[in-house]
Amino acid sequence: MADNQQPDLHAMRHSLAHIMATAITHLYPGVKLGVGPVVENGFYYDVDLPGDKQLSDEDFAAIEAEMKKVIAADQPFERFTKPVDEAIAWAKENSQPYKEQLLNDLKRAGTTVAKDLDPEQLGLAAGDESKVSEVSFYRNGDFTDLCRGPHVASTGKVGAFKLLRVSGAYWRGKETNPQMQRVYGVGFATDKELRQHLAMLEEAKKRDHRKLGQELDLFVFSPLVGAGLPLWTPRGTVLRNELDRFVQEMRDEAGFEQVAIPHITKKDLYEKSGHWSKFKDELFKITTREGHEYAMKPMNCPHHTQIYASKPRSYRDLPIRYRDTTMVYRDEQSGELGGLSRVLCITQDDAHVFCRVAQAKDEVLHLWDIIERFYSAVDIPLRLRLSLHDPANQDAYMGPEEKWVEIENVMRGIAKERVGDGFIEAVGDAAFYGPKLDFLGRDAIGREHQVATVQFDFGQPEGFDLRCVNEEGDDERIVMVHCAVMGSLERFLSVYIEHTAGRFPVWVAPEQIRIATVNQDETIVAFAQDVAAKAKKLGLRATVDTD
RNA sequence: GCCACCUUAGCUCAGCUGGUUAGAGCAUCAGUUUUGUAAACUGAGGGUCGUCGGUUCGAAUCCGACAGGUGGCUCCA
């Protein structure tokens, strides 16, 4: 829910959702309605059209025209209430099975327990846990809808709007439920604001990394190689290498050592780490000709633990810090792939620290320093999110809950010490092996993306029995700290390309110097080539342009 | 994976309801030009219309499958 918009704008958008539903009801009698809430910049309504009718963009003009008629009629929005049983009867009479289902939930539970459903969509006040005896409706003209409101006084007072797209959406967000059609629109108080918003969308389109990636010759896709598998051109590879080199230089200063690992492993490694059972759907699996099962690595930490575990470690050796920029592979659902934001092969600028519990805090802080230096260099402001486990779903996590709470308190303490109250907490966003400090970067046109991450891991050291010999000569369990600065190079570059609109600073630019000659006279061209050669000797990326 | 839409030259796109050798701009190449502030002139090459199959006398155009893409849904260790 968009919570920072003016209340009347919220009411306008909510009213637009009703007006759209009114129009669709007029055009497609017998339509079954789902929910129609306000979202950022606009609204949507989920509809299930009679017969096999499927909406497409071409139907928008007719729907918009019908909406304009409803708006021109300036019908008042009238609120009234009904006892819940009468409301259920109303839904039955009007063949609105989705509304009926919502009402039944309201009656039975007093609220929609399904946390995937916003109570606001149900005509129910948020936080209202009591049993519901009455529900509210809104009526405009010949259209009546179960709704909490609020609405504007009449349909003439909704400002400017435009329908943008239609897509599939599962009823109540559940994959196993029937799929409805979700019609999205945007709404603003004035035409001018609507035009500005549409202009912003145009700007975002211009910056689209998929478009710029092709125009700037940074990466390509091949249908023969497959979806979600970007191929990096020489120019794009320069970008990747320069950014990574900067991160790795900072890490080396902080005592990291580079390691290298194979991209596949026997299944045994992931049986021990817990990946085989927890993430088996996302593992790319390989069976050898002898029938042995292998998998492409979906992450690097299990491999790295085996380097650590290869010999006895003294407390004097710790912390041991490995860094490794390498690809991991995840078998994502085909429909989720898109550009560089979501790929099957993810290049992680990964790092793992093996240390004693008491050393972990300093390690986290040093890694945090590197993250801050990096994002200040690429001019992307960061916001911290502390990602915690979900107590309601403890089975999804390694280890006992007390341990989680203890470690999360330590992480929260570190965050408080460093940024005060300047961070948010997200229950359920932790990794299965430990809580995370996630960093959200804000790009030049205001969008936020998750980029860097620092993770505290006590699960895997336990699973792999990682230890050191302490001062007393006893075995001591160690902990791991994971850190990726760019996270995924692919995803980071999708953000960075759009952030800079392809105008990269000189230090990462694939082409730093272009020498253009005024004509194609031999001596002049030779001179230009000589200058370019000298520049290259100095380590600069120079080209000659004789056109 | 699910729903909708899309796929014509290297790029951006025309090709109406199926009917002669599929077009344009930019880019490329060749020749001309050598002119100081954001697209010089002339010409040429380049496409089995995503792939495979079907309907039809005839398919870029209609149907199906597959692949790839876009927007969402679901998912994202």
Side-chain angles (χ1 to χ4, degrees), chain A residues 34-35 39 42 44 46-49 52-60 116 163-184 201 204-205 208 210-217 220-229 270 273-283 295 297-302 328-339 341-344 346 348 350 387 389 396-398 428-436 438 449-450 453 455 457 459-460 482 484 487-488 490-491 516-522 524-525 546-547:
Chain A
V35 293
V39 293
Y44 68 77
D46 285 347
V47 299
D48 181 1
L49 296 184
D52 289 334
K53 173 64 187 172
Q54 296 283 2
L55 288 174
S56 75
D57 300 6
E58 287 155 23
D59 299 308
F60 290 170
D116 53 6
L163 301 188
L164 285 191
R165 62 181 75 99
V166 58
S167 67
Y170 298 107
W171 167 238
R172 304 185 95 168
K174 280 212 175 66
E175 209 174 354
T176 47
N177 281 346
Q179 193 154 32
M180 307 184 71
Q181 288 190 280
R182 180 167 295 176
V183 186
Y184 286 90
L201 293 181
K205 227 179 193 173
D208 190 320
R210 294 166 294 201
K211 180 171 170 278
L212 289 175
Q214 182 187 58
E215 286 172 7
L216 301 175
D217 190 22
V220 294
F221 288 90
S222 155
L224 290 178
V225 175
L229 298 167
Y270 295 142
S273 68
H275 289 91
W276 194 268
S277 58
K278 276 204 166 76
F279 306 110
K280 57 175 186 288
D281 289 342
E282 282 125 293
L283 282 178
K297 64 181 160 86
M299 55 189 356
N300 306 307
C301 22
V328 298
Y329 307 87
R330 298 177 190 182
D331 187 4
E332 308 284 0
Q333 298 189 99
S334 57
E336 291 157 356
L337 303 173
S341 325
R342 197 73 181 274
V343 291
L344 299 182
I346 304 161
Q348 292 183 332
D350 213 353
S387 297
H389 79 292
Y397 305 95
M398 282 178 110
D429 277 359
F432 78 99
Y433 47 71
K436 306 189 288 180
D438 290 324
H449 313 267
Q450 197 203 307
T453 181
Q455 309 174 358
D457 181 0
Q460 293 191 85
H482 307 232
S488 146
E490 287 76 15
R491 190 173 276 184
T517 57
V518 291
N519 61 35
Q520 281 145 12
D521 182 272
E522 272 176 42
I524 290 179
V525 171
T546 59
D547 289 345

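Just so it is clear, the structure is predicted and the values come from calculations on it, not from any experiment. Letters go in sequence order (proteins before strands), and every chain restarts at 1.
Distances shorter than 4.0 Å separate some side-chain N or O of R210(A) from OP1 or OP2 on U70(B).
Closest approach to the Q333(A) side chain among C75(B), C2(B), A77(B) is made by C75(B) (side chain taken as heavy atoms from C-beta onward). Checking C76(B), U74(B), A77(B) against the side-chain heavy atoms of Y433(A) singles out A77(B) as nearest. Ranking C76(B), A77(B), G72(B) by closeness to the P298(A) side chain, first place goes to A77(B). The side chain of Y170(A) lies closest to C73(B), out of C73(B), A77(B), C75(B). For A169(A), the listed nucleotide lying nearest its side chain is C73(B); candidates were C76(B), C73(B), G68(B). Counting only heavy atoms from C-beta on, H275(A) has its side chain closest to A77(B) among U74(B), A77(B), G71(B).
Taking both residues in full, the closest heavy atoms of D46(A) and A169(A) are given as OD1-CB, 4.2 Å, listed atom of the first, atom of the second, then distance. The shortest non-hydrogen separation linking M299(A) to Y270(A) is O-OH, 3.8 Å. When all heavy atoms of V343(A) and G228(A) are compared, the pair lying nearest together is CB-O, 3.3 Å. Closest approach of R182(A) and Y44(A) over heavy atoms only: NE-CE1, 3.1 Å.
If you measure from atom CD of Q181(A) to atom C1' of G71(B), you get 13 Å, rounded to the nearest angstrom. For the pair E336(A) CD and U70(B) C1', the computed distance is 15 Å after rounding to whole Å. What separates CZ of R182(A) from P of C73(B) is a distance of 6 Å, to the nearest Å. With rounding to whole Å, R342(A) atom CZ is found 12 Å from C73(B) atom P. For the pair F221(A) CZ and A67(B) P, the computed distance is 17 Å after rounding to whole Å. Nucleotide G72(B) holds its C1' atom 12 Å from the CG atom of L164(A), rounded to whole Å. Protein atom NZ of K205(A) is 13 Å distant from nucleotide atom C1' of U12(B), rounded to whole Å. Rounded to whole angstrom, the span from the OH atom of Y270(A) across to the C1' atom of A77(B) amounts to 11 Å.
Between the side chain of R330(A) and the base of C75(B), no donor-acceptor pair of N or O atoms lies under 3.5 Å. Remark: the Q179(A) side chain and the C2(B) base include a donor-acceptor N/O pair separated by less than 3.5 Å.
With R330(A) contributing its side chain and P298(A) its backbone, the two residues share a donor-acceptor pair below 3.5 Å. R491(A) places a side-chain N or O within donor-acceptor distance of the main-chain N or O of S341(A), the cut-off being under 3.5 Å.
Atom name P, nucleotides C26(B) and C73(B): the rounded distance is 41 Å, in whole Å. Of the C1' atoms belonging to G53(B) and A59(B), the separation is 13 Å, rounded to the nearest Å. Spacing of P atoms, A30(B) relative to G45(B), comes out at 15 Å, to the nearest Å. When the P atom is used for both A77(B) and G69(B), the distance is 22 Å, rounded to whole Å.
If you check U7(B) for Watson-Crick or wobble pairing at under 3.5 angstrom, you find it paired to A67(B). Shown here, A38(B) forms no base pair; nothing in the strands shown gives a Watson-Crick or G-U wobble contact with both key distances under 3.5 Å.
Checked against D208(A) for a salt bridge (Lys or Arg N to Asp or Glu O under 4.0 Å), the options R210(A), K211(A), K205(A) give a single hit: R210(A).
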Original post:
Which letter, B, S or -, goes with each nucleotide of nucleotides 6-11 of chain B from 5' to 3', with contact meaning a protein heavy atom under 4.0 Å?
Top reply: -----S

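For the atom pair Q348(A) CD and H482(A) NE2, the distance stands at 10.5 Å (nearest 0.5 Å).
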